[in-house]
Amino acid sequence: MQIPVVWSELHRLHEPDGEVWLGVRTPGTEVPERAERIRAELADARFFAAVQQPDDSLLAVHDRELVDYLSSAWSAWEAAGFVEDPGQDRVVPYIFPHPGLFSPGVAPVVPAAASARAGRFAFDTMTLIGPGTWEAARAAVDAAVTAADLVVGGEPAAYACCRPPGHHATRGAFGGSCYLNNAAAAAARLRSGGVGRVAVLDVDAHHGNGTQTIFYEDPDVLIGSVHVDPGAGWFPHFLGFAEETGAGAGTGANRNVPLAPGSGDERWLEAVGRLAEWAAEEGAEALVVALGVDAAGGDPESPLEVSAAGFRAAGRTLGELQLPTVLVQEGGYELATLGRLVRELLEGVEAGLRPA
Ligand code: SP5
Ligand code: ZN
């Protein structure tokens, strides 16, 4: 494979060790083994170490309050003694600043108590913070931005093999196994590196609500996402509908294609094709692919039924746009097939980019 792979060992420091779902600590599927499986499958590629990036690369897409919180959340939790009493070895929120909580004109503060602070920034209970979560999340952004830098520097495409994933994280909140939005940071880097208009196309099985929301009013970052229909009962439940098309100056720059559970290659590839065509028509000069492979038939987190050949075909369609392309790993949870599916998509991109 020609596409360079950006890698950081620091991902291993993030061991969520489960997720709190429906109030119960369940095993969770966003495990360190994921990145190791992908790396093993791509062992013949050129590897680049993720380069540490300045705070600017985070602050381009996140509020300082979120960054400050995430970088200190574990130490504050530990110092508060919650590991011993009540016996919780990960940061878990308990109270949320729900819009319905507030009196008119009263805005949420950052709470004084470490126990309450988590809910100020988390939008679900599943996305646990442990001792190395911050270091790993930050390294994942480093990997995505390093991949963007390779592309700004002239590589036709680059792939960030990173975790934790990012596309559910908004400017000010984290959730859905995501803490910092790696793909958004890559898009911002392409923009600051001189690209006029970037398209982020998200093929993860879940709606990329964070990336959508970060760029919702930005006409120069087009966002397209194909995902399982949240209206059919799937995460992130509240966003990802076709009616969400951007706002303000970004009106028309967002596009969602929700698919019925059970959709396979035919419907999924048709959607990928429509999003790619739209990005070209709207004048995208570079592409970020939010590369989740959890739309695969065997994946435990989604009811879509895409095949290995489907991922290769999607890659080819994206490559045929002939744009400088940054690919950023998102979801994909079936350990036995994960690496192969990523390889199929990357090889498809390579085939599409190559002039016929
Ligand atoms: C990046 C990404 O793919 N995030 C996906 C987060 C979706 N998680 C939803 C989990 C809902 C509860 N999980 C139950 C798993 C049963 N196998
Ligand atoms: Zn997903």
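In this text, all values refer to a predicted model and were calculated from it rather than measured experimentally. First listed ligand is number 1; within each ligand, the first listed atom is number 1.
- Connection of Trp7 to Val51 is not established within any shared hydrophobic cluster, with ILVMFWY side chains joined at heavy-atom distances below 4.5 Å, either directly or through further cluster members.
- Remark: minimum distance from atom 1 (C) of ligand 1 to any protein heavy atom is reached at Tyr333 OH, 3.2 Å.
- Inclusion of Glu301 in the first shell of the Zn ion (ligand 2) is not supported: no N, O or S atom falls under 2.8 Å.
- Looking at ligand 1, you won't find any N or O of His167 less than 3.5 Å from one of its N or O atoms.
- Atom 11 (C) of ligand 1 has Trp21 NE1, 3.7 Å as its closest protein atom, hydrogens excluded (heavy atom only).
- The option with the heavy atom closest to atom 8 (N) of ligand 1, from among Met126, His207, Gln329, is Met126.
- Contact annotation for Thr26 and ligand 1: no heavy atom of the residue comes within less than 4.0 Å of the ligand.
- In summary, the aromatic rings of Tyr179 and His14 are positioned with their centroids under 6.0 Å apart.
- Heavy atoms of Pro300 found under 4.0 angstrom from ligand 1 belong exclusively to the backbone.
- Within the coordination shell of the Zn ion (ligand 2), defined by N, O or S atoms under 2.8 Å, Glu330 is absent.
- Residue contacts with ligand 1 for Asp204 involve side-chain atoms from C-beta outward but no N, CA, C or O (heavy atoms, distance under 4.0 Å).
- Here His206 meets the criterion, with an N, O or S atom under 2.8 Å of the Zn ion (ligand 2).
- Look at Glu30 and you'll find every heavy atom at least 4.0 Å from all atoms of ligand 1.
- Distance from atom 6 (C) of ligand 1 to its nearest protein heavy atom, with residue and atom name: Gly176 O, 3.8 Å.
- Here Phe123 and His168 keep their ring centres 6.0 angstrom or further from each other.
- In this structure, Glu330 falls outside the shell of residues with a heavy atom less than 4.0 angstrom from ligand 1.
- When the N, O or S atoms of Asp294 are ranked by distance to the Zn ion (ligand 2), OD2 comes first.
- No continuous path of ILVMFWY side-chain contacts below 4.5 Å connects Val195 to Leu287, so the two sit in separate hydrophobic clusters.
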